[in-house]
Each structure stands twice: as C-alpha cells, then as structure tokens.
Asker: 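One structure follows; several queries about it will come next.
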Amino acid sequence: MNTTPSRTTTPSTTTPPAGTTDPAEGSSDAVTEEATAQDSLVKDPATDSPAKAPAPNDATGTPSEAADSGTAPDDLAGQSDDDDDDALEPDPFDEARHGVGAGAAAVVSAALGVVALTGAWTGRVAAERETLIGQIQTSGGGSAAQQISEIYGDAWHTTALVNGVFAVLALLVGVFVLVRPAFGAPSERPQPTWVRAVALAGVALGVLGVLISAGMYFDLFLSLPTAGAPAGG
C-alpha cells in the first residue's frame with residue numbers, strides 16, 4: 001500500500017507581467033464604458049430623462065412633406081397671380097355705373113339744344129297768349145301798325161324768348177359736363193368719349209340756338225311787316 005499522500009495540483013495563479021492587463025478585466029471595462037456612452041447619448045441633458053432618438057426620416061422630412069413644401073411656394077405664387085389678375089380686371093358693374101350722371105346730363109344738353117332750334121309747345125302757348133292779348137287791346141280800335149305789333153310782333157318775340165331760354169340751358173348743361181372732371185375729387189378713370197361728344201354737341205346746339213333766338217327777338221333776320229299809308233280819296 002502506498003502511504004505517500006497524493007499530491008493535488010492547484011491552478012497556479014500567476015501574476016501577469018507588468019504593463020499588461022487582464023483580458024477579462026479589459027473587456028468588462030470596455031462594456032461599462034460603452035454602456036455609459038449610450039446612456040449619455042440617450043438621456044436628455046436638460047431633464048435627465050430618456051429622449052427618443054430621431055428617426056432617419058425626421059432629419060430631412062417625409063417624402064410627402066418634402067413634396068408639399070416644394071409645391072407650396074408654387075401654389076402661393078399662382079394664387080397671388082390670380083389675385084393680381086382679379087384686382088386688375090375692371091368690374092363690369094363699376095364700369096356701367098361710371099359716367100352715368102355725366103352721360104345723362106350730356107343727353108339732356110343735346111335735347112335742350114334741339115328744342116331750342118325746333119321750338120317747344122311752351123313757346124307756342126306763350127305766343128298764342130300774346131296774340132290773344134293783342135287782339136283784346138286792339139279790339140276797341142287802333143292803327144294797322146299797332147295791330148301788327150300787338151298781335152303778330154309780340155307773339156313772335158315771345159317765341160324767340162322761350163327758345164332762347166332753352167338754348168341757354170343747353171349751353172350751360174353742356175359746359176358743366178365738359179368742365180366737371182376738372183373740379184372735385186379726381187377720378188381714377190377718364191370721362192368716357194361718348195359723354196364728351198354728346199356734351200359738345202349740346203354746347204354747339206345751344207350756341208346756335210342763342211344766336212338764332214337773339215336775331216329773332218331783335219328783328220335782325222326778319223323785320224315786322226309795315227302797313228302802307230291809306231290811299232287818299
């Protein structure tokens with residue numbers, strides 16, 4: 001029987017050389033440092049709470065958002081162009097209302113000028129009244145010259161006077177329409193051409209009517225007839 005105690009071998013613990021590190025210890029330190037770095041990146045520095053890492057698409061935006069942002073300026077530019085076109089396009093209702101009063105006054109001026117040249121029923125009524133008055137005054141007797149003046153001459157002069165009044169009104173209204181744009185608040189649009197043309201026609205007819213009426217009233221064109229001296233018996 002062998003009485004020599006059996007020798008048990010124990011793992012030798014050898015000290016690594018100076019300047020070298022244990023591989024296990026190095027790997028554990030590396031894992032600890034990597035975990036610390038990830039914690040520092042994930043945590044929000046201000047609140048020390050974990051922050052969601054931005055998704056790759058968040059940095060540049062989703063494709064739909066990029067497309068919308070790309071087309072938005074074009075849409076705004078097109079909308080602004082449409083607004084400018086609407087602002088520059090004249091409103092038909094404003095165009096229709098513009099110059100209505102001046103146009104009506106111009107037409108009235110031309111109509112008054114025509115009445116001054118052709119005569120009106122008021123002139124005929126006034127002339128007939130003067131004729132009746134003359135007949136009444138000469139009914140008791142009177143000379144031929146007096147009858148001509150009272151019955152015919154007064155009626156003629158009254159007709160010329162009434163026509164002259166219409167001519168003066170036509171002249172004044174036409175001149176007012178022509179000079180109206182020079183007074184008051186300035187207008188954005190000029191006076192329509194047809195308004196100026198009709199007003200100018202009214203002025204011309206008014207001037208012509210005034211001249212004719214003055215000539216008739218003062219017997220410049222035609223003089224009153226004269227009665228001849230009665231033949232001696």
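We count residues from 1, following the sequence as given. FYI, side chains are in, hydrogens and waters are out, and symmetry mates aren't considered; it's all heavy atoms of this structure.
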Asker: Same cluster for Leu169 and Val203 if Ile/Leu/Val/Met/Phe/Trp/Tyr side chains link at under 4.5 Å?
Answerer: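 The answer is no; the residues belong to distinct hydrophobic clusters.
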Asker: If we ignore hydrogens and angles and just use 3.5 Å, is the side chain of Ser109 paired with the main-chain N or O of Val173 as donor and acceptor?
Answerer: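 Judged by distance alone, no pair lies under 3.5 Å.
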Asker: Can you see which heavy atom on Leu220 is nearest to which on Ala214, and at what distance?
Answerer: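 The pair with the smallest heavy-atom distance is CD1-O, 4.4 Å.
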Asker: Between CG of Leu117 and CG of Leu211, what distance do you get to the nearest 0.5 Å?
Answerer: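 With rounding to 0.5 Å, CG (Leu117) is 10.0 Å from CG (Leu211).
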Asker: Can you give me the closest heavy-atom contact between Glu130 and Asp154, atom names plus distance?
Answerer: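 That closest heavy-atom pairing would be OE1-CB, 3.8 Å.
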Asker: Could you tell me whether a side-chain N or O of Arg180 sits under 3.5 Å from a main-chain N or O of Phe183, the two making a donor and an acceptor?
Answerer: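 Yes, the answer is positive, given that a donor and an acceptor are paired below the 3.5 Å cut-off.
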Asker: Where is the tightest heavy-atom contact between Asn163 and Val115, given as atom of each residue plus distance?
Answerer: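 Shortest heavy-atom separation between Asn163 and Val115 comes out as OD1-O, 4.2 Å.
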Asker: Go through Asp219 and His157 one step at a time and tell me if the side-chain contact (heavy atoms from CB on, under 4.5 Å) criterion holds.
Answerer: CA-CA 9 Å; Asp219 299 332; His157 294 161; 3.1 Å; yes
Asker: Do the side chains of Leu208 and Leu222 join up, straight or via other hydrophobic residues, at under 4.5 Å, putting them in one cluster?
Answerer: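 As far as the 4.5 Å side-chain criterion goes, Leu222 and Leu208 are connected within one cluster.
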Asker: Going from CD on Glu150 to OG1 on Thr138, what distance comes out if it is rounded to the nearest 0.5 angstrom?
Answerer: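 Glu150 CD to Thr138 OG1: 7.0 Å, rounded to 0.5 Å.
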Asker: Heavy atoms only: give me the nearest Ala127-Thr159 pair and the separation to one decimal.
Answerer: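 The answer is CB-OG1, 3.2 Å.
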Asker: Which residues end up grouped with Ile151 if you chain together Ile, Leu, Val, Met, Phe, Trp and Tyr wherever their side-chain heavy atoms are less than 4.5 Å apart?
Answerer: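 ILVMFWY cluster around Ile151 holds nothing else.
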Asker: Which heavy-atom pair separates Thr122 from Phe166 by the least distance, and what is that distance?
Answerer: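 Heavy atoms of Thr122 and Phe166 come nearest at OG1-CE1, 3.6 Å.
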Asker: What is the minimum heavy-atom distance between Ala167 and Gly209, and which atoms define it?
Answerer: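 Closest approach of Ala167 to Gly209, heavy atoms only: CB-C, 3.5 Å.
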Asker: Do you reckon Leu171 sits in the same ILVMFWY cluster as Phe176, going by side-chain contacts under 4.5 Å, direct or chained?
Answerer: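 Result: no, two separate clusters.
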Asker: Are Leu224 and Met216 connected in a single hydrophobic cluster, I mean Ile/Leu/Val/Met/Phe/Trp/Tyr linked by side-chain heavy atoms less than 4.5 Å apart?
Answerer: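 In one cluster with Met216: Leu224, yes.
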Asker: Taking C-beta and beyond as the side chain, do Gln191 and Val177 meet within less than 4.5 Å on heavy atoms?
Answerer: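 Yes, side chains in contact.
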Asker: Between Leu172 and Val165, is there a shared hydrophobic cluster once you connect ILVMFWY residues whose side-chain heavy atoms come closer than 4.5 Å?
Answerer: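 In one cluster with Leu172: Val165, no.
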Asker: Check this for me: Phe218, atom CZ, are more than 12 non-hydrogen atoms of other residues, nucleotides or ligands nearer than 6.0 Å?
Answerer: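 Atom CZ in Phe218 is not crowded, with 12 or fewer foreign heavy atoms closer than 6.0 Å.
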Asker: Of all residues at least two apart in sequence or in a different chain, which pass the side chain to side chain contact (heavy atoms under 4.5 Å, CB included) check with Ser139?
Answerer: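 Not a single residue meets the side chain to side chain contact (heavy atoms under 4.5 Å, CB included) criterion with Ser139.
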